[in-house]
Amino acid sequence: MEPAEDWLVESLRLYQDFHAFDLSGATRVLEWIGDKGILVAGYESLKKNEILHLILPLRLSVKENQGLFPERDFKVQHGGFSDRSVFDLKHVPDTRLLVTSGPPGCYLQVWQLTEDSDVIRAVSTIDVHESEEPLWPRVAVFPSVAPGILHGTRLSSLKVVDLDSQKTTYTSGVSDDDVLSSLQVLDTDTFAFCCSSGRLGLVDTRQKWAPSENLGPGPGSAGRRWCAEAGGRGPGPSIARLSSDGQLCLLDPRDLCQPVSSVQCPVSMPSPEPELLRVTWAPSLDNCLAISGFDGTVQVYDVTSWAGVGRQVEPLFTHRGHIFLDDSGMDPAPLVTTHTWHPYKPRTVLSAASDASLHVWDWVDPCASR
């Protein structure tokens, strides 16, 4: 059999559930809105890009498998068009508002899901005074009665802006020009940042800039790009930092000075587009995370027994569907552009690729099936 046919046969054993869809254009954002809808957006330059609010098929929305359902495709609930590429998109919790960012990075766009129609309309902008090409601002949202928009391109430009009044409520106040790769709000007062250099920190906005920091992997990591995410469930370290050559470090937020462990993931090659690197913690599984951005796969890891430095590790599960279901004839094969975990279905993951494919897959734990 052909490799694709082999994979299709094998997939009957590998997946509890699997759905493949084609979007109108590739997306690098998959943002949950509630637990039944996701937001996607195009990122092509020099054209209008769609922003879509999609409702999951009913089978994927129920908490338990209840048999067959007539709806097997995503339903478009709202849609709109952006004149710019959308590289980042965040839903403002408990509102109908969205914030997008992308090049050129001179402003953030605020959007609204209209109540009386199916339109996503632009309602305002947030100025970004430190715009510089080809960089663009990273974005995160402080949820509250008066939501705050955290954004910045470099550490020096980091600030929180009140969404309603557009007044600046917090700034880093430093001249540090380290370029940001990710921002993440942790609670009503604190956020995490990661720089492309691997520098990582936790910031309390109730105080002047004095982050708890890990200054990065050291001189041997020149040329690598890094991203990070906090949020591991269960005992042990809860911050993961991923490099463009597949090095994965776990850190304890109580002591960021040294990683608890540092391992090498078996990636096929260094990431061809480090801006698409992604590491995410499973919200409903202990000590489980996923990585993507190296090729057409998403790798899932159980980090329970990781310790020490330099160890080679193997994934618990690898999703290869974007490679084997690619019928576009693309060479090289599609690159996974982003992925996200389902809010409450423990092993369900959504992933998107550069060929505009969108997959929803519920993987079978190989340890449980032994």
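Sequential numbering from 1 along the given sequence is applied to the chain's residues. Hydrogens, waters and symmetry mates are skipped; everything else that's a heavy atom, side chains included, is used.
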* Asked: Of all residues at least two apart in sequence or in a different chain, which pass the side-chain contact (heavy atoms from CB on, under 4.5 Å) check with Thr168?
  -> Lys159, Val161, Thr171

* To do: List the atom of Ser124, the atom of Gln166, and the distance in Å for their closest heavy-atom pair.
  => OG-NE2, 4.3 Å

* Asked: Among all residues two or more places apart in sequence or in another chain, which pass the side-chain contact (heavy atoms from CB on, under 4.5 Å) test with Ser45?
  -> Ser85

* **side chain to side chain donor-acceptor pair (under 3.5 Å) partners of Asp187, counting only residues at least two apart** => Thr190

* To do: Would you please classify the geometry between the Phe193 ring and the Phe191 ring as parallel, tilted or perpendicular, with 30° and 60° separating the classes?
  => tilted

* With sequence neighbours excluded, residues passing side-chain contact (heavy atoms from CB on, under 4.5 Å) with Ala240 -> Leu248, Leu250, Val279, Trp281, Leu289

* **Pairwise ring pair (Phe, Tyr, Trp, His ring centres under 6.0 Å) hits with a residue in residues 39-59, at least two apart** => His53-His78

Please tabulate, for side-chain N and O atoms in residues 308-319, each donor-acceptor pair with protein atoms closer than 3.5 Å (sequence neighbours left out).
| unit_1 | atom_1 | unit_2 | atom_2 | d |
| --- | --- | --- | --- | --- |
| Arg311 | NH1 | Ser305 | O | 3.2 |
| His319 | ND1 | Tyr15 | OH | 2.6 |
| His319 | NE2 | His359 | ND1 | 3.1 |

* Got a sec, which residues hit side chain to side chain donor-acceptor pair (under 3.5 Å) with Asn214, two or more places apart in sequence or on another chain? -> Arg241

* To do: Scan residues 137-151 for pairs that pass salt bridge (Lys or Arg N to Asp or Glu O under 4.0 Å), counting only residues two or more places apart or in two chains.
  => Arg138-Glu275

* Structure fact -> The side chain to side chain donor-acceptor pair (under 3.5 Å) partners of Asp118 (sequence neighbours excluded) come to none

* Structure fact -> All heavy atoms of Gln299 vs all of Cys265, minimum pair found to be OE1-CB, 4.2 Å

* Mind checking what makes ring pair (Phe, Tyr, Trp, His ring centres under 6.0 Å) contact with Phe87, not counting sequence neighbours? -> Trp136

* To do: Please list, chain by chain and in numerical order, all residues satisfying side-chain contact (heavy atoms from CB on, under 4.5 Å) with Ser172, sequence neighbours excluded.
  => Leu158, Val174, Trp209

* Structure fact -> Sorted by chain and residue number, the side chain to side chain donor-acceptor pair (under 3.5 Å) partners of Asp204 (sequence neighbours excluded) come out as Arg206

* State plainly whether the residues Lys90 and Glu31 are in salt-bridge range, i.e. N to O under 4.0 Å. => no

* **Short N-O contact, Asp83 and Lys48, less than 4.0 angstrom** => yes

